[in-house]
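Just so it is clear, the model here is predicted, and its values are computed rather than measured. Each chain gets a letter, A, B and so on, in the order its sequence line appears, and its residues count up from 1.
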Amino acid sequence: MRHIISIALMLSLIWLVNSGHYNPLQLSLGAISVFFVVWLAHRMDVVDHESQPIHLSKQLPIYYLWLIKKIVISNIDVARLVWQPKTSMTPHFQRLLISQKTDMGRVIYANSINLTPGTLSVDLKDDYVLVHSLTTDGMEELLQGEMAQRVKELE
Amino acid sequence: MSLVVDILSAICLLTGSFLILSGVIGVIRFPDFYTRIHAAGITETLAASLILIGLMLIAGWGLVLFKLILILLFILFTSPTASHALGKAAWKSGLKPHGLVNKHDED
Amino acid sequence: MNNMFLIVTTITLLVVMALALIRAFAGPTVFDRVLAGNLFGTKVVLLIAVMGFLTGRPDFLDVALTYALINFISVIGILRFVEITRKSSPKEQS
């Protein structure tokens, strides 16, 4: 039930932001479309803790702040590499074991790897993720596992 | 007050433009496909965010602000998925990365 | 004053799109081309947004949002198409 309320709130917010016309007729049409989409999603059985991860909503903002800091730092690193000669690149390509147990944790981990430029997850399996990194530093940072630890705390 | 906002938005727009240019020059210069994805990543995370934040500062409070936030969120949600799909499709079709420093185990 | 920076951003975006097109034409593998196409699409979204502010018509943002959606779906679609074609004709692998 909480998940249904959450998806209805989110859809209503998106509708209100995108519409910009607030007379009774259009508001009721919007409400009808929100109900219709919620009903469809319920019928498709996709309204659950995976599509509406509200149990994460408390810890997520802290993780996002940390991730934004990481994204800015790694962006500057890659931008510096672009303006340097080619020899300063040291590409690595290897498997990393992952400790997250749930699918949600694995997806968050792989997405975070992708969001920071300089590291890219190429393949994701049950127990490992295949990572391509642009520099030795980027790979070593992942091997040290601060990101993995933080994602694990989210689960 | 409005002068401060103007200067902040100008800084955001100019930094974003510079980062976007760096990213695309990386896409032109970098030697193989897997390294090029990293360069494209710059233009899709920080550079796009900076330009959209610059526009948000110009727009001020209102519906336009929320639409810009929606666009920004959408770009941030989809770009890692798109680059993962690109990398995975290339890896499955047998494209090997060049110039590796370490040796990796073959599948 | 703001207009000047918006114009600078627009020109940069146009240059960036031209450079992305160079990679799309030159790219040795099909994935390089798809990557350049994806890059081009994201830049079009930003360009539409900036142009909307430059001409004083923020309604353009709806177009930008729609374009972002279509761009993502088209990239995934092209990649699936490439994967399926490669599987059915493995001899063409380079």
Enquirer: Rounded to the nearest 0.5 Å, what separation is found between the CD1 atom of B:Ile37 and the CG atom of C:Leu35?
Expert: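 The CD1 atom of B:Ile37 sits 6.0 Å away from the CG atom of C:Leu35.
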Enquirer: Please report the closest heavy-atom contact between B:Glu44 and C:Thr42, naming both atoms and the distance.
Expert: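 Taking B:Glu44 first and C:Thr42 second, the nearest heavy atoms are OE2-OG1, 3.3 Å.
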Enquirer: Which heavy atom in C:Leu79 sits nearest to a heavy atom in B:Leu86, and how many Å separate them?
Expert: CD1-N, 3.6 Å
Enquirer: Please report the closest heavy-atom contact between B:Ile20 and C:Leu13, naming both atoms and the distance.
Expert: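 Reported closest heavy-atom pair: CD1-CD2, 3.8 Å.
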Enquirer: Find the one option among B:Ile51, B:Leu52, B:Ile71 whose heavy-atom pairs under 4.5 Å with chain C are most numerous.
Expert: B:Ile71
Enquirer: I need the B:Leu14 CG to C:Thr12 OG1 distance, nearest 0.5 Å.
Expert: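 Interatomic distance, B:Leu14 CG to C:Thr12 OG1, rounded to 0.5 Å: 8.0 Å.
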Enquirer: What orientation do C:Phe31 and B:Phe33 show, parallel under 30°, tilted 30 to 60°, or perpendicular over 60°?
Expert: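 C:Phe31 vs B:Phe33 ring planes: tilted.
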Enquirer: Closest heavy-atom contact between B:Ala85 and C:Ile76?
Expert: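 Residues B:Ala85 and C:Ile76, closest heavy atoms: CB-CD1, 3.9 Å.
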Enquirer: For C:Phe72 versus B:Ala82, what's the shortest heavy-atom pair and its separation?
Expert: CE1-N, 4.1 Å
Enquirer: With a 4.5 Å cut-off on heavy-atom pairs, point out which of C:Val30, C:Leu39, C:Asp32 contacts chain B the most.
Expert: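 Looking at each option in turn, the highest pair count goes to C:Asp32.
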Enquirer: Below 4.5 Å from any heavy atom of chain B, which atoms of C:Val15 appear? Answer side chain, backbone, both or neither.
Expert: side chain
Enquirer: Looking at CZ of B:Phe74 and CG of C:Leu69, how far apart are the two atoms once the value is rounded to the nearest 0.5 Å?
Expert: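 If we round to the nearest 0.5 Å, B:Phe74:CZ and C:Leu69:CG are 4.0 Å apart.
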Enquirer: Within the structure provided, determine whether C:Leu6 and B:Leu55 are in side-chain contact (heavy-atom separation under 4.5 Å).
Expert: yes
Enquirer: Side chain from CB out, backbone as N, CA, C, O: work out which of these in B:Ala47 comes under 4.5 Å of a heavy atom of chain C, or both, or neither.
Expert: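 For B:Ala47, there is no contact with chain C at all, as no heavy atom is under 4.5 Å.
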Enquirer: How many angstroms lie between CZ in C:Phe53 and OG in B:Ser9, if you round to the nearest 0.5 Å?
Expert: 10.0 Å
Enquirer: So which atom in C:Leu61 and which in B:Lys67 form the shortest heavy-atom distance, rounded to 0.1 Å?
Expert: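 Of all heavy-atom pairs spanning C:Leu61 and B:Lys67, the closest is CD1-CB, 4.1 Å.
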Enquirer: Under a 4.5 Å heavy-atom cutoff, which of C:Val8, C:Ile78, C:Val50, C:Asn71 has the most pairs with chain B?
Expert: C:Val50
Enquirer: Non-hydrogen atoms of chain B under 4.5 Å away: do they reach the side chain of C:Leu46, the backbone, both or neither?
Expert: side chain
